[in-house]
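Comments concern the structure below.
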Amino acid sequence: AMNPAALKANIESLPKGATVIVNVDAFEERNLNKAGYEANPLSDGSLSAYTVYEVPMTSITTEVSKEAGVKPRDAERSKNFFALGLISWLYTRPIEATAEWIEQKYAGKPLVMEANLRALKAGFHFGETAELFESAYQVKPAVLEPGEYVNVTGNTATAWGLIAAASLSGLPLFLGTYPITPASDILHELSKHKQFGVRTFQAEDEISGIGAALGAAFGGALGVTTTSGPGIDLKSETMGLAVSLELPLLIIDIQRGGPSTGLPTKTEQADLLHAMYGRHGESPLPIVAAKTPSHCFEAAVEAVRLAVKYRTPVILLSDGYLANGTEPWRLPDLDDLPAIDPAFATEANHVEADGTEVFWPYIRDDQTLARPWAPPGVPGLEHRIGGLEKADGSGNVAYDGPNHERMTRLRAAKIAGIAHDIPPTEVDDEDGAEVLVIGWGSTYGAIAAGVQRARARGYRVAQAHLVHLNPFPADLGDVLARYRRVLVPEVNLGQLSRLLRAEYLVDTISFTQVQGIPFRAAAMEAAILQQIDGTAESHSREVASADPTGKGIL
Amino acid sequence: AMNPAALKANIESLPKGATVIVNVDAFEERNLNKAGYEANPLSDGSLSAYTVYEVPMTSITTEVSKEAGVKPRDAERSKNFFALGLISWLYTRPIEATAEWIEQKYAGKPLVMEANLRALKAGFHFGETAELFESAYQVKPAVLEPGEYVNVTGNTATAWGLIAAASLSGLPLFLGTYPITPASDILHELSKHKQFGVRTFQAEDEISGIGAALGAAFGGALGVTTTSGPGIDLKSETMGLAVSLELPLLIIDIQRGGPSTGLPTKTEQADLLHAMYGRHGESPLPIVAAKTPSHCFEAAVEAVRLAVKYRTPVILLSDGYLANGTEPWRLPDLDDLPAIDPAFATEANHVEADGTEVFWPYIRDDQTLARPWAPPGVPGLEHRIGGLEKADGSGNVAYDGPNHERMTRLRAAKIAGIAHDIPPTEVDDEDGAEVLVIGWGSTYGAIAAGVQRARARGYRVAQAHLVHLNPFPADLGDVLARYRRVLVPEVNLGQLSRLLRAEYLVDTISFTQVQGIPFRAAAMEAAILQQIDGTAESHSREVASADPTGKGIL
Amino acid sequence: MTDVAHAPEDAVPVPLTTRKDWSSDQEVRWCPGCGDYSILAAVQMLMPELGVRRESTVFLSGIGCAARFPYYMNTYGMHSIHGRAPAIATGLATTRPDLDIWVVTGDGDSLSIGGNHLIHALRRNVNITILLFNNQIYGLTKGQYSPTSEVAKVTKSTPFGSLEQPFNPLSLALGAEAGFVARTHDMDRKHMMETFRRAHAHKGASFVEIYQNCNVFNDGAFEQITGKEHRSDMLIPLVHGEPIRFGAEGQRGVVNHRDGSVEVVEVADVGEEALLVHDEHRDSPGLAFQLSRLSRGPHEPTPIGVFRDVDRPEYGSEMARQIDEATERRGPGDVAALLRSGSTWTVD
Amino acid sequence: MTDVAHAPEDAVPVPLTTRKDWSSDQEVRWCPGCGDYSILAAVQMLMPELGVRRESTVFLSGIGCAARFPYYMNTYGMHSIHGRAPAIATGLATTRPDLDIWVVTGDGDSLSIGGNHLIHALRRNVNITILLFNNQIYGLTKGQYSPTSEVAKVTKSTPFGSLEQPFNPLSLALGAEAGFVARTHDMDRKHMMETFRRAHAHKGASFVEIYQNCNVFNDGAFEQITGKEHRSDMLIPLVHGEPIRFGAEGQRGVVNHRDGSVEVVEVADVGEEALLVHDEHRDSPGLAFQLSRLSRGPHEPTPIGVFRDVDRPEYGSEMARQIDEATERRGPGDVAALLRSGSTWTVD
Ligand SMILES: Cc1ncc(C[n+]2csc(CCOP(=O)(O)OP(=O)(O)O)c2C)c(N)n1
Ligand SMILES: Cc1ncc(C[n+]2csc(CCOP(=O)(O)OP(=O)(O)O)c2C)c(N)n1
Ligand code: SF4
Ligand code: SF4
Ligand SMILES: [Mg+2]
Ligand SMILES: [Mg+2]
């Protein structure tokens, strides 16, 4: 727990990505200057390499001590126990032991003991009450390629990715969102960078957030909305409208433990099927998933590329583990980023029977099947669009069945066609492997670790990690067919596994764990070995859920 | 188009289920008495055997004529053209031909011609503007078993099923809903029957509608919400809360053409996957689907039975075709209906270490895994529940991972276990069939007709129609395994087909059509024969969508 | 990169237009006799007078009969989803200050499902003009009561009569900090055009309630006050700076009593100078609110016209200002620099 | 079958209870020093005085720090989802008139995401008591500005200052037809208890705004008016039937001018009889609304107490009445008869 002086003194010695708990109360001008800071390090971004928790320790602990009736001077001391309580929460350690220790240690000074105990609990509860996110992500910096590095959290990388995509496309960035853990930090980060022309709109709710983003998209901006958990449910209807309007829109879901409010401060991967099917009617859209904190940058850019090129809402899946975790990131060469061309409509695209030239908003590009994007402002391109079914081409309201069927299949075909515009499945395979471990999202590190361990024992195991979840890469079916066993580890009850089974009729083996944390390498290794030794023939083809009541997993 | 006198005179001669267009303007007291009606037949239910469209013809046509500048007296005449226009809309026939005819016929009287033309169009547009539902369902009364019959629409049967279920369970019925085509008529019907203690709440939106229903359920009522299209999207978050609270709740989705506003007046089956997965997190719930208008009664009772017994939200799927279609219904013997026992908690169910008896809201029944239902009012059972993860047993807020995993698997196991509490798959098979045609929902009639035609040609074809879509009947896997080909016709892009493939790894053949109407028997027959002759080996294993752009289907 | 920059305002002078230029090629599909027709006519006839461009004009709507409006305007437009138009408009208005944005909505669309978006758009003072077609019924869904329907209304969903106190749309808007609040009705094209002109001229969120007759499901709802023969006695025209009076000979007026109550009186009884003088620009919405309560429904003398017209900072411009200031101070954004804003280190 | 019939009201007399009986076994987890503690204490201490039963009392909430309230009450309770508590409460109150239902909510929960449910619950006059903990910030999500935050507020989501005019919760409630509207604050337990008692006594929807200090993310928001040393000069206690005056010696007061404006004055300047006399029961909400505008924020003299207390038919009882009347007229429902209410025919 640091004040400015301490921070100044120790920050250099801290490994990048370390967790820093800061006593904000101590960060007034005076102390800052004393410590030799010009700008406030909490806001000038110089701590972006660390997971910083800002906590009003002094105020809270003085409160506590007051209640316990000890002298202000002693209060100072309690601060450390507050910090200890907070850390216990962050790393989900029980505080009972510590409490006992305090009771013995301060048996002589009941008041101080009381104050310290209260401070300990206050710290622990603060983590819960203020929804501080637990257990941040740490990849042991393996051998790093040469280059310039920075430590980023997934949420920061996502925010930066959006800013980069906006500048690549020349589109003004508009974020319409409503705060929710663990997505809020993207709003916080973006709202700092107005010099990029970024507009952040804190809406009255999630529906308004995505609605405003869609309105901005209609106006020719890069419309983005961010949320988590219950918030994504509320966006379903407007996503459906965006599918029907065929406008670019980015929906970012930072998954957390569900269902309902669930475990707001723990991670999970259980929104995949919701992202696929969570809208009424046939309402397909592309899904992209980030796999590491720094990969959030690239994933955000890719999601924007697809949204703009195909005039479609895109869902980007991240999760609490990526969002709050940090890792060293080798800064990309901006020239390597894909070009993103809004290609706004500029002129009439259809000739009426009587020869007059008109603009039809639903004439498609033969190749991408995308429709023209014609923001207001251009004379002659005036047009009306809406959520009712539209006539193929003219875009006028159309009620006839055959047109509806054609439009329904066209919307589906447009999204399916993206399969040919994304890279083939990347498989890490020392040839001859019989088992493929395939995952998506934040389990990347854990799966890699498990695969390495298995290989270290001399087993041949292949790994693939999907970034595009809808559509799948064109070659995925063939890839899966090459292996005798396909193991699918997920922090849910087997959602990707279901998609693969339905799509490719492959008898995948679903390895699931739903404990608010990623897999441990050991567990992953065990699951892999079990496949190789062929000991997994449970009817359900599911590992770790043999006992239907789930009691077994304890 | 009828006034009271005409109605009185002709109603008897009309076949049950016929469509009746009524001129409401003519239904004031005076005319009613003249015609010899005591009660207003439009509201006393005596027309329930018919599909009645109430239209303010006089007022509209007088308007029209006024605009056309003809004498009131002639206005009368235009009424029939208004009716003609309306009928054209209802049966999706173009009005151009009629218009031409009028132009010739009344060439001599330009004013009258104008009035009639306007009336014709007004009638056609009225169908669209007032969202009158198109093409009602008609099953040719086949040979009917002996018994007492009544003609019902699906929505009426649904409303009656809810009232019956309420009386079976002794629970007060509460409907929280927001009007939307084609679901509104359930609200209209239920609001007529207050003597059953039915409470109908027209909420400010769909979220409030389901929220109120959930609140009523918490209070020990039978909470129901009804909706369609975009409305179901808005209920996702609250459904998730109900899954977490484990309270009985019935969500009725009268499917219509999507995505977004889509085709509000046409039918579709495209909400199945949304019903399965349309909530964030692992959020399983049972799904029941009605297959004919009269079956809506039984389906509603079954859905309530599962909701109450398993303390879970249940989704009942109907669609616009069933909702507005009528068929002769052989009245059931009420004694044959299942018993529904709320089995409210009455006493403490747990003993603390110190011996005190307490009530724990999340102690489960070993058999059903259902938790106790303890509405407010009983001393000693006071408890708090919420959307945060709960400790197994006590129900207190719990953040630890292993508990979350156990609860997640328990919730899943509870729903999966229902498979053993529902009837096995009903297969209509003259033995030896190699092709099984399996469907769900309102395609029942069309599929049956297609199967009959194929059999008439001497082919052996089996038919199964699923009422329970989650979980599936326990024997479904074995059933599917018995056939060489499994054809799955759906009015969507193959949603049940995907579920079957994922669950049973069966290479189903998806036969889809999305034109806002059910299949025609001929098309169905053709698809079936194609399977038998084995001519369908398209890679996509999909019929009627060969051309990716869908253009082919025209 | 802060704004989409293809609005040619400065380039060409605004072309002269007629009503026809503002009418789309789509056949109007409301029921014959519907009040929506006269509102559409009023808007289409006003447009040429406003000196605005079709390509810079957008009509947004939710769902409902009223919400079909955008299809009939030859401008940019969106028929969105039920109740959400104000939210969608907020995103558009905030990113496109160059546009003229109209939101067309019904009493169900904006006061039932869309109530929250409406009050927040008003509070934020987003630069949009909201036209609420209040027919006190759900028209599109065939006649259920709405949040503005009178108590005890018998409808399809309330065969025994409705139980709910209706919203007074103006009171709600004023309670939600609206800066411009007005009321007009579909029987008086001149008054509609004048009111819309005022609403359009106001910078920020303008809210206009339009009494609209649904002759199919709620015919005559406003007949008692908007009917030609009743108007002079039942409509109270509000004129800024003028004593509030009405009646064929202006024989009736409105006073504000010491006890804080506002009342309709005979001018003869109290004397002209006792009358309340209308003040659109009063900083506090208190007076406008009092006037919004004068009538308990369209069967008592009811004020029409502009209740309140007060300027407040407009949301979109304020956001643009923050962007300009930040750019001013820090220079335009540089992505490469952003990625290095944290502490970087090099591996070689 | 119209009501769930296991509430033993009539059976046993209400047992005497103490605060302890109303406290659950769950450890209270708000930040030390949070204003929520004193509100919890006020409620727990009031309960024994109300003569109500724990088993017939329900606390419902949405999501937020305030919304954790139900966990700490030893009654029936539900911690639901963000903003929806009023909707859930409407279903419960309508089916269970025998229950005492309290809704605990925050400024974000009820005025941001939940705004629409709130105003509709007030309009319908559902029988619930709403306690709005207004700390002018989002506490649970770590300090973003809320719909009641002052303009230009610097928060995590508005580093350059917020741009939005805040809601005045009382004005909004009054604009939404609320029958009971009051304000109190977390520094005065006696005033809280008295205000809650009045709210509970009111049949129908009662709305109470509680100024609550979030000492972690918005410390001292109300200090200028609720601080012990400021109260007498900055809080204006409203007393029914009494002239509205305040200050250590009651030297200041409130008048209503002829032009419809309301103002704080020195009593000496205008004379006691010129003061506005408070009337909670005025049929029109106009006066209460004027009083709600007297202060533009917690830095000017601000009225507290009951602004409005008017009886209107309560939604749940009205619905029950319709059911009783229908049952009266038609006899209790008979399913077999219902199925035959249409025209049936027989096949044999
Ligand atoms: C999410 C959603 N809920 C419900 C509906 C059905 N619906 C369409 S318009 C409408 C209300 C129409 O009333 P109003 O807004 O007053 O417009 P009007 O038709 O009277 O002009 C309803 C309930 C819908 N389309 N979408
Ligand atoms: C649907 C949904 N959106 C957002 C959130 C995140 N969230 C929880 S509480 C809250 C606001 C809290 O502010 P307030 O209602 O004022 O309560 P306080 O914490 O200040 O007491 C937010 C945005 C959520 N839980 N659910
Ligand atoms: S239903 Fe009513 S509001 Fe809708 S178009 Fe017809 S008359 Fe107009
Ligand atoms: S964050 Fe604020 S409101 Fe929430 S518990 Fe802490 S002090 Fe109270
Ligand atoms: Mg309306
Ligand atoms: Mg708050």
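Within every chain, numbering begins at 1; the chains are lettered A, B, ... in the order of the sequence lines, protein sequences first and strands thereafter.
In this structure, the portion of A/Leu187 lying under 4.5 Å from any heavy atom of chain D is its side chain and not its backbone. Heavy-atom distances place both the backbone and the side chain of D/Tyr145 under 4.5 Å from chain A. For a residue to count as touching a neighbouring chain, one of its non-hydrogen atoms must lie under 4.5 Å from one of that chain's; by this rule D/His82 touches chain A with the side chain only. For A/Leu190, no part lies under 4.5 angstrom from a heavy atom of chain D. Neither the backbone nor the side chain of D/Thr155 comes within less than 4.5 Å of any heavy atom in chain A.
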(request) Report the C-alpha distance between D/Gln144 and A/His188 in whole Å, list the side-chain angles of each, state the deciding distance to 0.1 Å, and finish with yes or no for side-chain contact (heavy atoms from CB on, under 4.5 Å). (result) CA-CA 9 Å; D/Gln144 301 83 6; A/His188 303 156; 3.0 Å; yes

(request) Before giving the answer on ring pair (Phe, Tyr, Trp, His ring centres under 6.0 Å), spell out for A/Phe196 and A/Trp160 the whole-Å C-alpha distance, their side-chain angles and the decisive distance to 0.1 Å. (result) CA-CA 11 Å; A/Phe196 287 89; A/Trp160 292 359; over 10 Å; no

(message) Could you go through D/Glu177 and D/Arg124, starting from their C-alpha distance and side-chain angles, then the distance that decides it, and tell me whether this counts as salt bridge (Lys or Arg N to Asp or Glu O under 4.0 Å)?
(response) CA-CA 9 Å; D/Glu177 312 299 326; D/Arg124 293 191 184 104; over 6 Å; no

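Counting heavy atoms from C-beta outward, D/Tyr138 and A/Tyr178 have side chains that approach closer than 4.5 Å.
Chosen from A/Glu63, A/Glu204, A/Gln202, the residue pairing most often with chain D at heavy-atom distances under 4.5 Å is A/Gln202. With chain A as partner, the option from D/Val216, D/Leu111, D/Asp219 having the largest number of non-hydrogen pairs under 4.5 angstrom is D/Val216.
For the atom pair OH (D/Tyr211) and CE (D/Met192), the distance works out to 14.5 Å, reported to the nearest 0.5 Å. The distance from atom NZ of D/Lys153 to atom OG1 of D/Thr148, rounded to the nearest 0.5 Å, is 9.0 Å.
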